[in-house]
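The structure displayed is predicted, hence computed values, not measured ones.
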Amino acid sequence: QMQLAESGGGMVQAGGSLRLSCAASGGTLSSYAVSWFRQAPGKEREGVSCMPSTDWITYNRDSVKGRFTVSRDEAKNTAYLHMNNLKPEDTGVYYCATPSSVGRGYCSATGPSADRFGYWGQGTQVTVSA
């Protein structure tokens, strides 16, 4: 069973950068789509970035395009979310997630659907001050 553990969150000022890591165990991360979600206080969880397993056409929600990049290191079995030019509205708990099975279609053009992702990390807090 896949287990995921996020790290790298913290507090930064607007315009700063962070790199979140998602370390996987119990499975080969490169075989699965990997998605990053976030949840701000009082708001619903939303998909931020998603990387499929079979090609490199990633999804990024409009508000983070040009600022966030998702990548993975197969040797380390780890995925990353590189976040630049952070804004206060990026504040929230960030989660990485993978589906329970391999396949396509998890990173659609309209964004990842949380209910299709069966494995989740515990989340890491990102706080961006103005």
Side-chain angles (χ1 to χ4, degrees):
Q1 182 172 344
M2 184 81 78
Q3 294 183 323
L4 304 172
E6 303 95 337
S7 61
M11 297 180 63
V12 296
Q13 290 186 330
S17 299
L18 285 173
R19 187 187 74 168
L20 305 184
S21 299
C22 174
S25 59
T28 302
L29 194 60
S30 60
S31 298
Y32 298 84
V34 177
S35 186
W36 288 91
F37 294 84
R38 68 186 179 191
Q39 188 164 20
K43 295 187 177 181
E44 292 187 356
R45 189 171 297 187
E46 61 185 17
V48 177
S49 298
C50 188
M51 172 177 278
S53 62
T54 55
D55 57 47
W56 297 102
I57 302 175
T58 60
Y59 162 85
N60 291 288
R61 69 181 301 109
D62 286 345
S63 62
V64 307
K65 284 181 179 178
R67 302 189 297 121
F68 290 14
T69 304
V70 59
S71 66
R72 68 173 107 212
D73 185 327
E74 294 187 11
K76 295 182 178 180
N77 211 28
T78 299
Y80 302 96
L81 183 66
H82 307 264
M83 306 186 296
N84 297 314
N85 191 22
L86 282 159
K87 303 177 180 181
E89 52 264 41
D90 294 320
T91 294
V93 179
Y94 283 71
Y95 302 87
C96 66
T98 67
S100 302
S101 59
V102 300
R104 297 188 175 206
Y106 293 105
C107 301
S108 69
T110 57
S113 178
D115 59 4
R116 299 191 68 201
F117 287 76
Y119 297 119
W120 294 78
Q122 80 287 354
T124 186
Q125 177 70 45
V126 172
T127 303
V128 185
S129 59

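By the criterion of side-chain heavy atoms lying less than 4.5 angstrom apart, applied directly or through intervening Ile, Leu, Val, Met, Phe, Trp or Tyr residues, Trp120 is not grouped with Leu20; the two fall into different hydrophobic clusters. Following chains of ILVMFWY side-chain contacts shorter than 4.5 Å, one cannot reach Tyr59 starting from Val70, and the two form parts of different hydrophobic clusters. Both Val64 and Val128 belong to a single network of hydrophobic side chains, linked directly or stepwise wherever heavy atoms of I, L, V, M, F, W or Y lie under 4.5 Å apart.
Judged purely by atom type and a 3.5 angstrom limit, Asn77 uses its side chain to pair as donor or acceptor with the backbone of Gly27. Here the side chain of Gln122 pairs no donor or acceptor atom with the backbone of Ala5 at under 3.5 angstrom. A donor-acceptor contact shorter than 3.5 Å is absent between the side chain of Thr124 and the backbone of Ser7. Without hydrogens or angle criteria, Arg45 side chain to Tyr95 main chain gives no donor-acceptor distance under 3.5 Å. Under the 3.5 Å distance criterion, the side-chain polar atoms of Arg61 are matched with a main-chain donor or acceptor of Gly47.
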Distance-only donor-acceptor pairs under 3.5 Å for side chains of residues 81-89, two or more places apart:
residue, atom, partner, partner atom, Å
His82, NE2, Ser71, OG, 2.9
Asn84, OD1, Ser17, OG, 2.9

Show me the side-chain donor-acceptor pairs of residues 29-40 shorter than 3.5 Å, one per line, residues at least two apart or across chains.
residue, atom, partner, partner atom, Å
Ser35, OG, Ser49, O, 3.2
Arg38, NE, Glu46, OE2, 2.6
Arg38, NH1, Asp90, OD1, 2.9
Arg38, NH1, Tyr94, OH, 2.9
Arg38, NH2, Glu46, OE2, 3.1
Gln39, NE2, Lys43, O, 3.1

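By the salt bridge (charged side-chain N to carboxylate O under 4.0 Å, His left out) test, Asp62 is found to be paired with Lys65, residues two or more places apart in sequence or in another chain being considered. Shown here are the side-chain contact (heavy atoms from CB on, under 4.5 Å) partners of Ser129, two or more places apart in sequence or in another chain: Gln13. Every residue meeting the side-chain contact (heavy atoms from CB on, under 4.5 Å) condition with Gln3, not counting sequence neighbours, appears here in chain and number order: Ser25.
A distance of 11.0 Å separates CE of Met11 from CG of Leu18, quoted to the nearest 0.5 Å. With values rounded to the nearest 0.5 angstrom, Tyr106 atom OH is found 9.5 Å from Thr98 atom OG1.
Residues Tyr119 and Ser100 form a side-chain contact, since some pair of their non-hydrogen atoms from C-beta on lies under 4.5 Å apart. For the pair Phe117/Cys96, no side-chain contact is recorded, criterion being any heavy-atom separation below 4.5 Å from C-beta on.
Judged as a disulfide bond (SG atoms under 2.5 Å apart), the pairs with a partner in residues 100-130 (not counting sequence neighbours) are, in order, Cys50-Cys107.
Closest heavy-atom contact between Met2 and Ala24: SD-CB, 3.8 Å.
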